[in-house]
Chemist: 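Dropping the structure in here first, questions after.
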Number of protein chains: 2
Amino acid sequence: MARTAPEPLTPRLSRDVLIDACLRIADSEGPEAVTMRRLGSELGVDPTAVYRHFRDKTELLIAMADRLLIEAMRGFSPSGSWRADLRDLATRARRTYLAHPRLAFLVAAADAPLPSESRISEMALGALRRAGLPDNEAVLAFQAIEGYTAGTSSLDAASGPGGGEAWRRAFAALPEEEFPNLSAIAPLMYREDEAAFEFGLDLMLDAIEARLEAETD
Amino acid sequence: MARTAPEPLTPRLSRDVLIDACLRIADSEGPEAVTMRRLGSELGVDPTAVYRHFRDKTELLIAMADRLLIEAMRGFSPSGSWRADLRDLATRARRTYLAHPRLAFLVAAADAPLPSESRISEMALGALRRAGLPDNEAVLAFQAIEGYTAGTSSLDAASGPGGGEAWRRAFAALPEEEFPNLSAIAPLMYREDEAAFEFGLDLMLDAIEARLEAETD
DNA sequence: ACCTGAACACCGTTCAAGT
DNA sequence: ACCTGAACACCGTTCAAGT
């Protein structure tokens with residue numbers, strides 16, 4: 001009798017399908033929920049099937065990071081203002097790191113730059129050189145802004161939501177004689193992560209601008 | 001017959017003894033080696049004995065972080081120059097975060113400020129207020145500098161030693177037409193984490209200084 | 001009061017086996 | 001070529017029991 005066609009030739013898994021599942025789990029249940037077993041259950045597949053497509057979990061997460069950073073930069077194009085460009089790039093990266101607290105660490109610990117990272121670096125270095133910064137300073141400024149953006153955003157993401165309130169209360173409760181500054185300023189502390197991030201970014205950009213003016217004198 | 005004295009009244013464990021053991025293990029084998037079982041073997045004690053002194057592992061690591069930050073600030077005293085003070089505080093904190101890559105995350109995720117952190121905040125806010133910054137700006141500047149220092153240092157610590165060399169090679173190998181800036185600058189990238197950190201810190205301090213001068217005009 | 005030890009509910013990963 | 005499933009070597013933590 002007629003035999004049915006041989007078993008499915010199309011693989012059920014692929015790198016993209018796995019990355020999609022990672023993102024779905026991370027977004028709905030948090031990054032700590034992304035385990036091989038959870039991934040297997042999400043896709044109705046044995047947990048160890050993942051190893052047919054990625055060497056290990058780190059390689060999978062790195063691929064996810066690359067996807068997220070590419071997505072974050074989609075549609076960016078230089079505006080004519082180096083300052084606006086750097087702000088735009090930093091803001092896009094920040095949003096990604098806020099949504100995925102562990103991403104920056106993964107990227108930093110990788111043993112090669114992600115493709116997305118090369119593209120971001122290219123764009124940011126382009127902005128700094130167009131601004132007129134000499135190459136040696138462009139590198140230092142790039143590293144400073146990159147570290148600031150990735151670092152502060154990751155730490156902001158790690159601090160629990162509504163954590164600011166608890167810290168203000170703790171600071172306000174400290175003895176005034178020993179902590180005169182903190183006592184006085186307590187009500188203002190950690191109110192707006194976003195404002196603090198932009199303040200610090202603008203400090204750096206202001207100083208770069210001042211440096212450029214000094215050099216053209 | 002004479003009975004020996006009752007069993008040892010002095011506990012074999014204490015919070016300080018456990019923190020010491022953590023530091024010994026972290027320094028010699030890296031932070032990932034600090035497990036409850038390893039802690040037990042280090043002290044010749046059952047791994048679960050730790051729970052008599054700390055609620056969970058996080059509480060233990062937070063106590064370790066507090067110890068390290070107190071140690072880092074030992075001997076600091078205001079110099080008369082707000083700028084030198086902030087630089088000194090940031091450099092001390094950076095050294096600690098470089099030596100312990102996960103510390104900043106722990107501190108950020110804690111549900112209350114560490115005692116050491118209150119003291120550091122008090123000193124840094126004092127410097128910014130002495131500089132002449134209004135309170136609302138002092139808070140933002142403090143948060144920016146704190147995040148920059150903790151963030152970049154933690155990320156620098158996470159990147160493998162000698163990682164810079166691999167990244168330079170990868171950047172140099174990119175197609176020049178698509179990555180003109182990165183190709184040109186590749187040999188200069190990620191050469192000196194320390195120089196980049198100080199460059200970024202000085203950018204922020206320069207901008208704060210400029211702001212102060214503008215306000216007194 | 002403090003520590004032990006078995007046990008539980010997890011991890012990432014390897015490897016021989018299936019289809 | 002791709003997936004399964006048992007197994008290994010780990011984790012943090014709980015709880016009843018010992019002394």
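Keep in mind that this is a model prediction, so the values were computed, not measured. The figures that follow rest on heavy atoms only: side chains count, while hydrogens, waters and symmetry mates do not. Lettering follows sequence order; numbering is per chain, from 1.
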Chemist: If you look at every heavy atom in A:Leu128 and A:Ala138, which pair is closest and at what distance?
Modeler: CD1-O, 3.5 Å
Chemist: Using the side chain to side chain donor-acceptor pair (under 3.5 Å) criterion, which residues pair with B:Glu178? Sequence neighbours excluded.
Modeler: none
Chemist: How close or far is atom C1' of C:dT19 from atom CZ of A:Arg12, stated in whole angstroms?
Modeler: 12 Å
Chemist: Between B:His53 and C:dC2, does any side-chain N or O lie under 4.0 Å from OP1 or OP2?
Modeler: no
Chemist: For A:Ala21, what residues pass the side-chain contact (heavy atoms from CB on, under 4.5 Å) criterion, not counting sequence neighbours?
Modeler: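 A:Ala21 satisfies side-chain contact (heavy atoms from CB on, under 4.5 Å) with A:Arg24, A:Leu39, A:Glu42, A:Leu43 once adjacent residues are dropped.
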Chemist: Among all residues two or more places apart in sequence or in another chain, which pass the side-chain contact (heavy atoms from CB on, under 4.5 Å) test with A:Leu182?
Modeler: A:Phe171, A:Leu174, A:Phe179, A:Met189, B:Ser118, B:Ser121, B:Glu122, B:Leu125
Chemist: Using side-chain contact (heavy atoms from CB on, under 4.5 Å) as the criterion, list what pairs up with B:Asp16, not counting sequence neighbours.
Modeler: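 So B:Asp16 forms a side-chain contact (heavy atoms from CB on, under 4.5 Å) with B:Ser14, B:Ile19, B:Arg67.
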Chemist: What nitrogen or oxygen pairs link the protein and nucleotides 13-16 of chain D at under 3.5 Å?
Modeler:
{"from": "D:dT13", "atom 1": "OP2", "to": "B:Tyr51", "atom 2": "OH", "distance (Å)": "2.8"}
{"from": "D:dT13", "atom 1": "OP2", "to": "B:Lys57", "atom 2": "N", "distance (Å)": "3.0"}
{"from": "D:dT13", "atom 1": "O5'", "to": "B:Tyr51", "atom 2": "OH", "distance (Å)": "3.1"}

Chemist: Who passes salt bridge (charged side-chain N to carboxylate O under 4.0 Å, His left out) against B:Asp135, sequence neighbours left out?
Modeler: B:Arg129
Chemist: Treating a pair as Watson-Crick (purine N1 to pyrimidine N3 plus N6-O4 or O6-N4) or G-U wobble (N1-O2 and O6-N3) with both distances under 3.5 Å, list the stems of 3 or more consecutive pairs that involve DNA chain D.
Modeler: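 Result, WC/G-U stems under 3.5 Å: C:4-8 with D:12-16, C:12-16 with D:4-8.
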Chemist: Residues two or more places apart in sequence or in another chain: which of them pass salt bridge (charged side-chain N to carboxylate O under 4.0 Å, His left out) with B:Asp85?
Modeler: B:Arg130
Chemist: Of the residues in residues 13-28 of chain B, which ones touch DNA chain D at a heavy-atom distance under 4.0 Å?
Modeler: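 When residues 13-28 of chain B is checked for heavy atoms under 4.0 Å from DNA chain D, there are no hits whatsoever.
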Chemist: Holding to salt bridge (charged side-chain N to carboxylate O under 4.0 Å, His left out), I want the full list of residues that pass it with B:Asp46, two or more places apart in sequence or in another chain.
Modeler: none
Chemist: Sequence neighbours excluded and cut-off under 3.5 Å, please list the side-chain donor-acceptor pairs for residues 151-167 of chain B, or say none.
Modeler:
{"from": "B:Thr152", "atom 1": "OG1", "to": "B:Tyr148", "atom 2": "O", "distance (Å)": "2.7"}
{"from": "B:Ser153", "atom 1": "OG", "to": "B:Arg94", "atom 2": "NH1", "distance (Å)": "3.1"}
{"from": "B:Ser153", "atom 1": "OG", "to": "B:Thr149", "atom 2": "O", "distance (Å)": "2.7"}
{"from": "B:Ser154", "atom 1": "OG", "to": "B:Ala150", "atom 2": "O", "distance (Å)": "2.7"}
{"from": "B:Asp156", "atom 1": "OD2", "to": "B:Arg94", "atom 2": "NH1", "distance (Å)": "3.2"}
{"from": "B:Asp156", "atom 1": "OD2", "to": "B:Arg94", "atom 2": "NH2", "distance (Å)": "3.1"}
{"from": "B:Ser159", "atom 1": "OG", "to": "B:Asp156", "atom 2": "O", "distance (Å)": "3.0"}
{"from": "B:Glu165", "atom 1": "OE1", "to": "B:Arg168", "atom 2": "NH2", "distance (Å)": "3.0"}
{"from": "B:Glu165", "atom 1": "OE2", "to": "B:Arg169", "atom 2": "NH1", "distance (Å)": "3.1"}

Chemist: Considering residues at least two apart in sequence or located in another chain, which fulfil the ring pair (Phe, Tyr, Trp, His ring centres under 6.0 Å) criterion with B:Phe199?
Modeler: none
